Asker: 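What follows is a single structure, and I will ask about it in a moment.
Chain A is the first sequence line, chain B the second, and so forth, proteins listed ahead of strands; every chain is numbered from 1. Note that the coordinates shown come from a computational prediction; the quantities given were computed from them, not determined experimentally.
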Amino acid sequence: MLASISRRAILGIYAVIIIVPLTVVGFGSFKSTQELFAGPFSLPQSLSPANYAEVIGGQDLGSSFWNSVIVTAVSVPVTLFLASLAGYAISRLKGFMAWAIFGFLVLGMAIPAQANMVPLYVLFGRLGLLDSLTGLILANVVSTLPIAVFILGGFMRTLPKELYEASSIDGTGPWRTYVSIALPLSAPSVAAAAIFLFVIHWNELLYPLLFIQSPGNRTLPLALLSFQGEFQTNYPLLFAGVILASLPVVVAYVFLQRYFVAGITAGASKG
Amino acid sequence: MSTPTGTAAQRKAPHSPTRTDTAKARRRSPTRVNPALYLFPLPAVAIIAFFLVMPTLQAFQYAITDWNGFSAAFNYVGLDNFVRAFTKDSLFTNALTNNLKFVLMVVIAQTAFSLILALLLTKNSRGSILLRALFFFPTILSSVSVAFIWKFIYDPNFGLANAVLGGVGLEALQGSYLGNNAQALYWVAVTQVWFHAGQMMVVYIAGLQAIPRELYEAAEMDGAGRWQQFKSITWPFVAPATSIVVAYTTVQSFKAFDLILGIAGNPPKQSLDILSTRIYSTFANSEFGYAAAQSIIFMAMIALVTWLQRRLLRLTPKGE
């Protein structure tokens, strides 16, 4: 009895600690600063999109939204493609070579992004990749490729070898086998990895901060960060920015909740 | 990370392939490895070599220079940068201390709290599933968003925390949170736990659900109390999950860069400066050589702490 009361109390309090701030942010994004400070918990007096309009119009948050969309929409599939190619080869190659390739690719998981930011910045400078979305995409791909190989390669190794053998008896080359057998069968782990990468790439801050100079090339998290610098305590504006930055991930989470948990947990337990 | 290497090595270890083995393998799989297969990992290998491994090696080279990032001249200064970091740079040692404190706080709090949440939500009832989804939710937000939300909660004048405390008549407990240098790091640790406890809870739930129910039934028949059941069944069984949670939380909190920058501004004040933000400030200050040296210390730090944990966590009883 006592146990069940304290169980409910703990869960209830924590649920409140999660729901209340999010609700306040949601309501607050429609309020004026005075209205927010007068009653943070109250419903907004009107659903005027003024803050949203100001955020999108005044701070090129609109263009940074599209930059984020482009960077994420390219980074995720490219990472998945390269990782699944490598994972497929590793699952079919034997002995030392498979082990060496896997080891080499996965070793990168031990290198934190901050550790090589100086040389990467210099290298990008030489290649003309600074202040460009291409550079961001490349940095995203490089930083997440190791863990993607780990997740996909780990899964592909569990696929039955007989399937590959059957198809090679039929005379199909490795490319066809990859496209028509390995990839479709790995769909669950590809989906999990895709969601994991989506969250990471969409929210990435360090690389934009390092590489992007012109406001027009900012991605959302970077735009939000500089936004905060300029509008120290204009919380309603910040909240509108927070909502805009979170919306795609939140909408996807509502519909694909189970896959999100599976995907992000795969990243956690394998990282 | 060493797991795949480990298993591959173990799998190979028992017997080295003899000629008959190879012959057998060849007979079993009618086709030899198609050489075209070596082309498949090539793009990934090339990209990782050129954009990850090479820069990392280069970091070691930059670290022994006083390069400012622009001049053509590289002056090799030996280990001066490392000596400077530990003996002459109070900003760096301050960031190092902050970082270790932060990691320790978050690891202890997050491991304990995510285990408690998991224990309370193991059963697959509708309510549990709903709460799990809710508790996991913050994980998908961007660190900058989470930082702003909590900046508002902690705001001394208009913030939610003080509003709630004032509302229930606990004005005495109202604080300035991030404004208080002695406490600021604790409050960011709270934010970090809010951000990621749900994610670790899911890892624990997976571990808990693998425990056979009969063990608890048997223990109950033997008259074991709840605490005893936890100590002798649950805890040993979730030891592997604990090592995952602790290891992941450590690395995650070492790299709390985004959260700190979002909540404290760029650059953060000293009481909230951690290694990654310090490296970034040094870099932004055009001290490339010194920043590279700091990043190597940072990398070594993570490796050392991870290794220490592996050793220490091996002491926890395994479910046998």
Asker: Answer with side chain, backbone, both or neither: which region of V122(A) has an atom nearer than 4.5 Å to a non-hydrogen atom of chain B?
Answerer: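 Contact with chain B: side chain only.
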
Asker: Could you look at L220(A) and say if it's the side chain, the backbone, both or neither that has a heavy atom under 4.5 Å from chain B?
Answerer: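 Neither part.
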
Asker: Assert yes or no for the condition that the ring centre distance of W99(A) to F102(A) is strictly below 6.0 Å.
Answerer: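 So the answer is no for these two rings.
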
Asker: Does F40(B) have R92(A) sitting over its ring (NZ/CZ under 6.0 Å from centre, angle to axis within 45°)?
Answerer: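 R92(A) over F40(B) ring: no.
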
Asker: At a 4.5 Å cut-off on heavy atoms, which part of A49(B) comes close to chain A: side chain, backbone, both, or neither?
Answerer: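 It is both, since atoms from each part get that close.
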
Asker: Mind checking the CZ-OG1 spacing from F158(B) to T33(A)? Nearest 0.5 Å is all I need.
Answerer: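 Rounded to the nearest 0.5 Å, the CZ-OG1 separation comes to 9.0 Å.
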
Asker: If only side-chain N and O atoms count, and only distance matters, is there a donor-acceptor pair under 3.5 Å linking Y235(A) with D155(B)?
Answerer: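 Result is yes, a qualifying pair exists.
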
Asker: Tell me which of these, L93(A), I200(A), L82(A), I101(A), has more heavy-atom pairs under 4.5 Å with chain B than the rest.
Answerer: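 Among L93(A), I200(A), L82(A), I101(A), the one with the most close pairs to chain B is L93(A).
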
Asker: Check whether I19(A) gets within reach of chain B through its side chain, its backbone, both or neither, counting any heavy atom under 4.5 Å.
Answerer: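 When you check distances to chain B, only side chain atoms of I19(A) fall under 4.5 Å.
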
Asker: Does any backbone or side-chain atom of F239(A) lie under 4.5 Å from a heavy atom of chain B? Answer side chain, backbone, both or neither.
Answerer: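 Contact with chain B is through the side chain of F239(A) alone.
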
Asker: Of the backbone (N, CA, C, O) and the side chain (C-beta and beyond), which part of T277(B) lies under 4.5 Å from a heavy atom of chain A, both, or neither?
Answerer: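 It is neither, since no heavy atom gets under 4.5 Å.
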
Asker: May I ask you to name which of V144(B), D258(B), I48(B), I140(B) has the most heavy-atom pairs under 4.5 Å with chain A?
Answerer: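 If we count pairs closer than 4.5 Å to chain A, I140(B) comes out on top.
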
Asker: If I measure from the heavy atoms of chain B, does V25(A) come under 4.5 Å with its side chain, its backbone, both, or neither?
Answerer: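 The answer is the side chain of V25(A).
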
Asker: Name the region of F152(B), side chain, backbone, both or neither, that has any atom closer than 4.5 Å to a heavy atom of chain A.
Answerer: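 For F152(B), heavy atoms of backbone and side chain both lie under 4.5 Å from chain A.
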
Asker: Can you tell me if Q199(B) and H196(B) form a side-chain donor-acceptor pair at under 3.5 Å?
Answerer: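 Yes, side-chain donor-acceptor contact under 3.5 Å.
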
Asker: With a cut-off of 6.0 Å (strictly less than), are more than 12 heavy atoms of other residues, nucleotides or ligands near OH of Y259(A)?
Answerer: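 Result for OH/Y259(A): open.
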
Asker: Side chain, backbone, both or neither: which part of V245(B) has an atom under 4.5 Å from a heavy atom of chain A?
Answerer: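 No part of V245(B) comes within 4.5 Å of chain A.
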
